Visitor: 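Take a look at this one; I'll ask things after.
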Amino acid sequence: MRPTLPRSSLAVLISCAASVQANEGIELGQVLIQEQEQSELQDARERLNQVPGASNLIDMQRVEQGRVASNQDVLAYQPGVFAQSAGNDGIKLSIRGSGINRAPGSHGSGVYTMFDGLPLTGPGGTPYELFEPLWLSRAEVLRGANGFDRGALALGGAIDYITHTGYDAAPLQVRYEVGSRGYAKRQISSGQVLGDLDYYVALTDAEYDGYQEHSSGSSKGIAANVGYRFNPNLETRFYLRYRETENDLAGRLTKAQIKHDPRAANPLYLSRDASRPQPGSTWVGNKTTFFLDDDSRLEAGLVYHDYPMDLREGANRLKVAYSDVSGTLNYLRRDTLFGHESKTTVGWRTTKHLPNSGASEFVRVSENSNGNLPVGTRTRDFSYQGSDSVVHVGNDLELVPNLWLTSGLAMIYTRRESAVTYPENGGKVSQHDWDYAPRLGLRYDLNPSLQLYGNLSRSVEPPHPWALIWSSPRVNGQQIQPIEMQNQTATTLELGARGEAQIGRWDLAWYYSDVRHELLAVEIVSGLPAAEFNASPTVHQGVEAGLDSLLWQRADVGKLSLRQAYTFSDFHYRDDDTFGDNRLPGIPMHYYQAELRFDLPSGLYAGINTQMASKVQVDYANSYPTDAYALLGATLGYNSPKQDWQTWLDLRNLTNKRYAATVTPGYNDNGKDIAHSTPGEGFGVYAGVSYSFR
């Protein structure tokens with residue numbers, strides 16, 4: 001269906017037009033921008049409610065009423081989503097146990113990630129250096145198999161980060177954040193509608209000293225997009241993101257260090273002066289929409305993504321070249337089938353590494369595992385090649401009024417190739433696989449305030465090309481020939497409900513996933529260090545609950561509200577030969593976040609918040625866990641009724657609690673306290689101000 005102006009917008013236009021004749025016209029722009037933002041959010045909520053499964057809609061206007069340092073701040077207070085920062089841009093993100101094996105500074109796995117509906121995730125995973133949250137207007141999270149119509153087949157589902165456009169941005173906005181341990185962030189942005197053309201552009205930079213010793217960092221980047229409507233049936237938009245980041249790395253600590261000296265750096269990282277410069281990542285895309293008629297449209301997308309890395313973490317320096325190209329094509333149609341309303345989506349997406357993708361390795365410290373070779377010696381060259389291509393067909397059919405049947409089938413073709421080109425006898429491996437992912441779901445709207453849903457689906461996640469090399473067993477400190485790995489698959493049953501009641505807006509979901517060949521840390525060769533490989537069967541099951549409540553309200557006094565998010569995660573082996581039914585390490589079983597907030601009619605607000613997490617197993621042997629923790633925070637701020645001024649004070653970790661924010665699992669530590677954890681930040685004070693020239 002062609003986009004039309006909502007009735008509420010027409011009413012605003014009429015009332016504003018009348019007032020302009022007797023008053024200044026500047027108010028028109030203010031009201032229209034606010035109305036456009038709310039209209040887009042409402043449209044997004046309605047689309048997500050048509051999916052027979054769990055989802056999250058994140059309004060960045062709410063997020064920006066406090067510190068917005070990383071993607072952790074964007075994904076806070078979201079049921080089913082675990083997102084914790086390592087003190088920089090890198091976060092550990094897990095949805096339903098996806099990426100449980102990942103460190104916070106590595107490429108993410110298990111969640112298909114998009115910018116504005118276009119691919120970011122590639123065969124090499126999801127890099128993090130282009131995640132600048134201030135560029136966003138909202139984020140949509142489709143947990144588990146519910147990202148099917150976006151072409152997402154990963155266990156954790158999909159996240160789509162939506163950038164501001166000229167329709168929801170101010171002509172000029174400036175924002176400044178400052179806080180503890182040298183934190184500072186600045187942004188200037190502009191967006192406007194100029195007839196059939198609109199644009200948005202933002203420049204952002206930040207720096208921080210970091211909580212741990214040797215954990216300082218900085219970033220700078222630009223985001224821009226330009227849209228043009230040729231006629232009511234054809235529109236296009238071009239996107240650009242460019243960002244540079246540089247982070248000193250403090251490394252992980254032991255449980256004892258976090259308890260007694262959490263600001264220390266890992267001695268090995270300190271002695272090696274470990275760091276991770278990202279010399280500059282570029283993401284350029286286009287999305288063009290053809291409205292074929294009132295009931296069908298065609299969306300075509302094309303993306304180029306270049307993301308080089310300079311990894312100086314270990315004894316060797318790794319210079320990595322990554323370049324991807326992606327294409328998408330989606331056909332959406334609404335019909336009447338045998339007298340029943342039907343909505344069909346046919347889609348195709350593909351992402352392919354370009355031929356230059358690969359890495360070179362050089363000695364960077366004098367004492368190393370390469371026979372004490374001179375610093376700068378080239379030890380190895382290798383290539384990463386891969387592609388993911390997905391064709392998916394989905395349909396929503398209204399069987400009887402308010403009862404919808406969702407069905408779908410996706411086919412995925414994956415190619416993974418890794419080769420050691422220097423020295424010449426390094427070896428090569430090449431894998432080509434077809435796999436499938438069916439989906440069946442039901443949703444029933446009992447009334448406008450209550451919906452029940454359920455779905456049964458299959459997910460598919462191939463290994464990364466780099467894993468074929470880095471998972472190979474080491475001989476004399478060096479990897480030998482790359483090895484083959486299988487796709488991780490899972491069959492998932494999900495049941496849930498959502499709605500609105502006297503207690504507030506709520507959602508509740510339960511899921512059970514039977515996972516095969518999960519990509520975990522596995523002892524490939526007895527006695528040698530563990531590496532990523534296919535594990536024995538595992539189970540992922542859990543409960544996700546969210547509740548936003550209006551506790552009290554008086555028009556002349558204000559309102560008191562409470563938002564809560566709880567995630568229960570039970571991930572374990574199923575009769576593993578070594579670990580039996582042990583829990584999978586890396587994620588807390590219980591994770592709870594809440595905020596109690598009071599808003600005054602003048603725009604002032606104040607709130608207190610908490611974050612609680614149960615203990616986390618640190619290794620697959622479950623030989624010892626981290627400590628459970630509870631954090632307290634507070635916010636105080638002001639939002640001008642005209643939506644021009646905004647200022648806030650954000651207090652984090654008021655009790656200066658010492659805790660492990662993330663865990664990168666070990667294999668079997670035999671009860672020893674090994675450095676696997678990243679400490680969470682201590683007490684911090686952050687303040688910010690923004691002004692929008694409407």
Side-chain angles (χ1 to χ4, degrees), residues 88-90 102-108 120 122-130 214 216-221 242-249 251 268-269 271-283 304-325 352-386 416-429 464-472 474 477-482 531-532:
N88 51 37
D89 285 338
R102 285 282 168 264
S106 62
H107 283 186
L120 173 70
T126 305
Y128 63 79
E129 55 270 15
L130 287 170
H214 202 265
S216 63
S218 63
S219 66
K220 56 184 176 182
Y242 175 83
R243 194 161 181 258
E244 303 173 8
T245 64
E246 185 165 353
N247 292 297
D248 289 334
L249 301 178
L268 188 58
Y269 275 60
S271 66
R272 291 174 174 173
D273 191 22
S275 64
R276 181 173 178 146
Q278 309 283 144
S281 296
T282 305
W283 187 90
Y304 169 76
H305 184 197
D306 180 60
Y307 47 116
M309 297 184 294
D310 188 358
L311 307 181
R312 308 177 188 183
E313 304 174 34
N316 290 351
R317 178 183 182 183
L318 197 63
K319 299 185 70 174
V320 185
Y322 269 124
S323 294
D324 297 344
V325 62
K352 174 180 170 33
H353 282 330
L354 294 180
N356 67 322
S357 297
S360 295
E361 195 172 4
F362 303 88
V363 174
R364 65 178 295 264
V365 297
S366 57
E367 296 181 5
N368 52 72
S369 59
N370 305 296
N372 292 328
L373 294 174
V375 173
T377 302
R378 180 166 61 120
T379 60
R380 191 167 53 159
D381 293 336
F382 45 92
S383 64
Y384 303 140
Q385 287 297 303
R416 297 292 186 266
E417 294 181 359
S418 291
V420 178
T421 57
Y422 175 84
E424 294 181 359
N425 60 350
K428 178 180 180 180
V429 67
H464 303 304
W466 51 262
L468 307 183
I469 285 183
W470 292 106
S471 297
S472 62
R474 290 175 176 263
Q478 295 294 316
Q479 278 91 4
I480 60 174
Q481 182 168 328
E532 184 168 282

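Only a predicted model underlies this, so the values are computations on that prediction, with no experimental measurement involved.
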Visitor: Please report whether the ring centroid of Y384 lies less than 6.0 Å from that of W470.
Guide: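 They do not qualify: ring centres at least 6.0 Å apart.
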Visitor: Between Q385 (side chain) and L354 (backbone), is there a donor-acceptor pair under 3.5 Å?
Guide: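 Yes; judged by distance alone, with no hydrogens or angles, the pair exists.
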Visitor: Under 4.0 Å between a side-chain nitrogen and a carboxylate oxygen: does that hold for R312 and D273?
Guide: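 D273 and R312: not salt-bridged.
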Visitor: Are the charged groups of R364 and E313 less than 4.0 angstrom apart, N to O?
Guide: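 Between E313 and R364 there is no salt bridge, as every charged N stays at least 4.0 Å from the carboxylate O atoms.
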Visitor: Run the side-chain contact (heavy atoms from CB on, under 4.5 Å) test on F382 and L318 for me, step by step, so that the C-alpha distance in whole Å, both residues' side-chain angles and the decisive distance to 0.1 Å come before the verdict.
Guide: CA-CA 11 Å; F382 45 92; L318 197 63; 3.8 Å; yes
Visitor: Looking only at heavy atoms, what is the nearest atom pair of N316 and V363, with distance?
Guide: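 Closest pair (atom of N316, atom of V363, distance): OD1-CA, 3.6 Å.
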Visitor: Using the side-chain contact (heavy atoms from CB on, under 4.5 Å) definition, which of the options S218, S216, P279 pairs with E246?
Guide: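 By the side-chain contact (heavy atoms from CB on, under 4.5 Å) criterion, E246 pairs with just one of S218, S216, P279: S218.
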Visitor: What's the spacing between T282 OG1 and D306 CG if we round to 0.5 Å?
Guide: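 Between T282 OG1 and D306 CG, I get 5.5 Å after rounding to 0.5 Å.
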Visitor: Output, in order, the C-alpha distance, side-chain angles, deciding distance and verdict of side chain to side chain donor-acceptor pair (under 3.5 Å) for S275 and D248.
Guide: CA-CA 4 Å; S275 64; D248 289 334; 4.9 Å; no
Visitor: For S418 and L468, which heavy atoms make the closest approach, and how far apart are they?
Guide: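 Taking S418 first and L468 second, the nearest heavy atoms are OG-CB, 3.9 Å.
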Visitor: Please report the closest heavy-atom contact between T245 and S219, naming both atoms and the distance.
Guide: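 Looking at all heavy atoms of both residues, the shortest contact is CG2-CB, 3.9 Å.
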Visitor: Starting from the C-alpha separation in whole Å, work towards a yes-or-no answer on side-chain contact (heavy atoms from CB on, under 4.5 Å) for I469 and R380.
Guide: CA-CA 12 Å; I469 285 183; R380 191 167 53 159; 3.8 Å; yes
Visitor: Do R243 side-chain atoms and E129 backbone N/O form a donor-acceptor pair below 3.5 Å?
Guide: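 Confirmed, R243 side chain pairs with E129 backbone.
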Visitor: Please report the shortest heavy-atom distance between G124 and H464, naming the atom on each side.
Guide: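 Shortest heavy-atom contact: C-ND1, 3.6 Å.
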Visitor: Would you mind telling me which of K319, R317, R276 makes a side chain to side chain donor-acceptor pair (under 3.5 Å) with D310?
Guide: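 Among the candidates, only R317 passes.
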Visitor: Could you tell me whether the side chain of S383 and the main chain of G358 form a donor-acceptor pair under 3.5 Å?
Guide: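 Looks like no, no N/O pair under 3.5 Å.
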Visitor: Would you call the rings of Y307 and H107 parallel, tilted or perpendicular, where under 30° means parallel and over 60° means perpendicular?
Guide: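 The rings of Y307 and H107 sit tilted, inter-plane angle from 30° to 60°.
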Visitor: To check you understand the geometry: which heavy-atom pair defines the closest contact between S271 and L268, and what is its length?
Guide: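 Of all heavy-atom pairs spanning S271 and L268, the closest is OG-O, 2.9 Å.
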Visitor: For S360 and R378, which I'm curious about, is there any donor-acceptor pair between the side chains at under 3.5 Å?
Guide: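 There is no such pair between these side chains.
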Visitor: Please report the closest heavy-atom contact between E532 and A467, naming both atoms and the distance.
Guide: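 Scanning both residues completely, I find the closest heavy atoms to be OE2-CB, 3.7 Å.
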Visitor: Hey, mind stepping through H305 and L130 against side-chain contact (heavy atoms from CB on, under 4.5 Å) and telling me if it holds?
Guide: CA-CA 10 Å; H305 184 197; L130 287 170; 3.6 Å; yes
Visitor: Donor-acceptor pair, distance only, cut-off 3.5 Å: does the side chain of H353 make one with the backbone of D324?
Guide: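 Not confirmed, H353 side chain does not pair with D324 backbone.
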Visitor: Working to the nearest 0.5 angstrom, can you tell me the gap between K220 NZ and Y242 OH?
Guide: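 These two atoms lie 7.5 Å from each other.
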